[in-house]
Amino acid sequence: GAVVSQHPSWVICKSGTSVKIECRSLDFQATTMFWYRQFPKQSLMLMATSNEGSKATYEQGVEKDKFLINHASLTLSTLTVTSAHPEDSSFYICSATSQGTDTQYFGPGTRLTVL
Amino acid sequence: GDSVTQMEGPVTLSEEAFLTINCTYTATGYPSLFWYVQYPGEGLQLLLKATKADDKGSNKGFEATYRKETTSFHLEKGSVQVSDSAVYFCALGDQGGSEKLVFGKGTKLTVNP
């Protein structure tokens with residue numbers, strides 16, 4: 001149980017285009033989802049926290065207009081990287097937690113490469 | 001702000017060797033502490049946790065004790081196996097872990113037969 005999936009697992013796009021990454025909780029209802037970014041040999045950096053049905057809360061320094069997060073249902077959150085540039089190339093990881101628990105369940109991550 | 005510092009890797013051990021991965025933290029308040037493990041090609045999984053001082057988290061032969069006086073949460077295992085090869089992340093969180101987590105950089109462990 002407590003499986004989180006991400007799609008796609010990797011994506012290559014051209015500079016200036018937008019890319020959408022999906023995060024799904026497969027067997028539980030995720031009241032809160034988190035989006036992280038990981039650079040090579042670096043720790044996971046929290047980008048934003050999203051609660052189902054409300055606007056995401058972004059960490060300091062994260063551009064909310066560039067990284068659009070939608071958490072429209074209890075099993076799906078999406079991260080859209082708008083007008084992507086090469087410096088947005090990274091590993092994006094989501095996690096999910098349900099009400100009443102204190103454990104985050106992580107997706108396998110999405111590798112984004114912007115050419 | 002809150003931060004986590006963990007031992008730089010990579011760490012390479014022979015099977016049945018003793019493992020220690022150091023982790024120290026800086027935080028206001030009384031955070032919960034976690035160790036997550038990431039096996040090749042998979043997402044992070046919670047390995048163990050401790051929510052207050054002197055608590056010991058344990059799972060799959062791994063242990064870590066929440067030491068408030070030294071602000072540490074070192075991960076140990078008495079006898080590692082090849083299957084323990086993975087990246088280990090130390091993390092802290094507030095309010096029992098349901099809030100956001102702050103991660104260390106991760107330590108890659110390779111266990112050779």
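Throughout, a chain's letter reflects where its sequence line sits, starting with A, and its residues are numbered from 1. Keep in mind that this is a model prediction, so the values were computed, not measured.
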[atom1]/[X]: more than 12 non-hydrogen atoms of other groups inside 6.0 Å:
X       : atom1 : value
B/Glu8  : CD    : no
A/His85 : NE2   : yes
B/Glu16 : CD    : no
A/Lys20 : NZ    : no

So if you build clusters from Ile, Leu, Val, Met, Phe, Trp, Tyr with side-chain heavy-atom gaps below 4.5 Å, do [X] and [Y] land together?
X       : Y       : result
A/Tyr92 : A/Met33 : no
B/Leu13 : B/Leu75 : yes
A/Val11 : A/Tyr36 : no
A/Leu79 : A/Leu26 : no
A/Ile21 : A/Ile93 : no

Proximal to chain B - members of residues 44-58 of chain A, heavy-atom separation under 4.5 Å: A/Leu44, A/Leu46

Side chain to side chain contact (heavy atoms under 4.5 Å, CB included) between B/Tyr36 and A/Gln104, intermediate numbers included: CA-CA 10 Å; B/Tyr36 280 85; A/Gln104 290 186 27; 4.0 Å; yes

Inter-residue atom distance A/Phe106.CZ - B/Leu46.CG, 0.5 Å rounding: 9.0 Å

Gap between atom OG of A/Ser95 and atom CG of B/Leu101 - 0.5 Å precision: 7.0 Å

Sorted by number, residues from residues 103-112 of chain B in contact with chain A (heavy atoms, under 4.5 Å): B/Phe103, B/Gly104, B/Lys105

Heavy-atom closest pair, residues A/Gln38 and B/Phe89: NE2-CZ, 3.5 Å

Shortest non-hydrogen contact between A/Phe91 and B/Gln38, atoms and distance: CE2-NE2, 4.5 Å

Heavy-atom proximity to chain B below 4.5 Å, by part of A/Gln6: neither

A/Thr103 side chain reached by B/Lys49 side chain, heavy atoms, under 4.5 Å: yes

